[in-house]
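Quick note: numbers below take in every heavy atom, side chains included, and nothing from hydrogens, waters or symmetry partners.
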Amino acid sequence: MGRTEHRYTVNLSILFTELPLLERPAAAAAAGFTAVELWWPWVDAPVPEKAELDALRRALSDAGTRLTGLNFYAGQLPGPDRGALSVPGEESAKFRRNIDVAVEFAESTGCTALNALYGNRVPGATPDEQDELALENLASAARAADGIGAVLLIEALNAIESPHCPIVSAPKAVDVAGKVNAATGLGNTKFLMDLYHLAMNGEDLHKIIDEHAGRTGHVQIADSPGRGAPGTGALDFPDLLERLAKAGYEGRIGLEYKPGDLPSAESFGWLPRELRRA
């Protein structure tokens, strides 16, 4: 991976999923990681029982892992949904109910980055109506995140796997983040640069890094094609990570890849153990 020594955080919603949720922080720690991130763990519950929140908080603490990133409620993920905040009706209502819960949990764990997935286009609502709803909900989430000193992240997905999601390019995600910042006046809404999704879109990764590193609040990686560990696809990660460093990106790199046929703990051979501690 070259000598670019970024800080890494491991996503416990795609790695270590062979284990129950509450066992994953300890497994990540045993693999050498001190920082972890999560999609919203309760796909059917934007407001889980206090006991469930407390149990996850305790598992993170007991393992000595810090939560560095958390998704707001996003519907069935993994699954057919790509977010909830732009979907009229019950789904966007669930997102709004989740805002304070997610922010409170983030604050209690020292997490300062919250990802808000936009959601799919749906029948019965025009794109303009959905975008207006999304901006309202994103502004509310940004204000809540700002209250704990956190950033709100806007992620670009890929059009192949998410054909009904409108946020499927780096410029589009950056544009949405700019609109939220203009609406709130806070400046705490940032681009989530997921190199796997952008590569799947066929975007020029060098150009995106050079143009948008300054607007980027978080980077996630997986190789492409396949969404496996670095070295299993076609992306040149030593080059990309070096370019991120030269462009001034100093944040963490989220490992959001599938371990394939390996147990998750055996999928980190590409990353020297001494670089896994954040």
Enquirer: Under a 4.5 Å cut-off applied to non-hydrogen side-chain atoms, are His206 and Leu240 in contact?
Expert: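 Answer yes - side chains close enough.
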
Enquirer: Between Tyr196 and Tyr257, is the ring centre distance below 6.0 Å?
Expert: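 No, ring centres 6.0 Å or more apart.
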
Enquirer: Hey, which of Leu117, Val101, Asn115 is the one that makes side-chain contact (heavy atoms from CB on, under 4.5 Å) with Trp40?
Expert: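 Testing each of Leu117, Val101, Asn115 against Trp40, the sole residue satisfying side-chain contact (heavy atoms from CB on, under 4.5 Å) is Val101.
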
Enquirer: Could you go through Glu155 and Arg82, starting from their C-alpha distance and side-chain angles, then the distance that decides it, and tell me whether this counts as salt bridge (charged side-chain N to carboxylate O under 4.0 Å, His left out)?
Expert: CA-CA 11 Å; Glu155 181 177 6; Arg82 295 295 184 268; over 6 Å; no

Enquirer: Can you label the angle between the Phe105 ring and the Trp42 ring as parallel, tilted or perpendicular, going by 30° and 60°?
Expert: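 Rings of Phe105 and Trp42: perpendicular, as their planes differ by over 60°.
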
Enquirer: Which pairs pass salt bridge (charged side-chain N to carboxylate O under 4.0 Å, His left out) with one or both residues in residues 38-52, sequence neighbours excluded?
Expert: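 As it turns out, the salt bridge (charged side-chain N to carboxylate O under 4.0 Å, His left out) pairs with a partner in residues 38-52, which skip direct neighbours, are Lys50-Asp54.
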
Enquirer: Would you say Tyr118 and Asp131 make side-chain contact, with heavy atoms under 4.5 Å?
Expert: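 A side-chain contact exists here, since the closest heavy-atom pair is under 4.5 Å.
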
Enquirer: Thinking salt bridges, do Lys258 and Asp223 make one under a 4.0 Å N-O criterion?
Expert: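 So Lys258 does not pair with Asp223 through a salt bridge.
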
Enquirer: Is it the case that over 12 heavy atoms from other parts of the model lie below 6.0 angstrom from the CD atom of Glu132?
Expert: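 Not buried by this count: 12 neighbours or fewer within 6.0 Å.
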
Enquirer: Hey, does Leu153 have a side-chain heavy atom less than 4.5 Å from the side chain of Leu114?
Expert: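 Counting from C-beta outward, Leu114 and Leu153 never come under 4.5 Å.
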
Enquirer: Considering only residues two or more places apart or on different chains, which pairs with a residue in residues 194-222 satisfy salt bridge (charged side-chain N to carboxylate O under 4.0 Å, His left out)?
Expert: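 Found Asp210-Arg243.
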
Enquirer: Going by side-chain heavy atoms closer than 4.5 Å, which hydrophobic residues are tied to Val43, directly or by a chain of links?
Expert: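 Grouped by the 4.5 Å side-chain rule, Val43 forms a cluster of one, so the answer is none.
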
Enquirer: Quick check: do Asp146 and Thr184 have side-chain heavy atoms less than 4.5 Å from each other?
Expert: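 Not touching, per the 4.5 Å side-chain cut-off.
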
Enquirer: Would you call Arg7 and Glu250 a salt bridge, taking side-chain N to carboxylate O under 4.0 Å as the test?
Expert: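 Here Arg7 does not pair with Glu250 in a salt bridge, since their nearest N and O are not under 4.0 Å apart.
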
Enquirer: Given Gln220, which of His197, Arg252, Glu37 fulfils the side chain to side chain donor-acceptor pair (under 3.5 Å) condition?
Expert: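 Testing each of His197, Arg252, Glu37 against Gln220, the sole residue satisfying side chain to side chain donor-acceptor pair (under 3.5 Å) is Glu37.
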
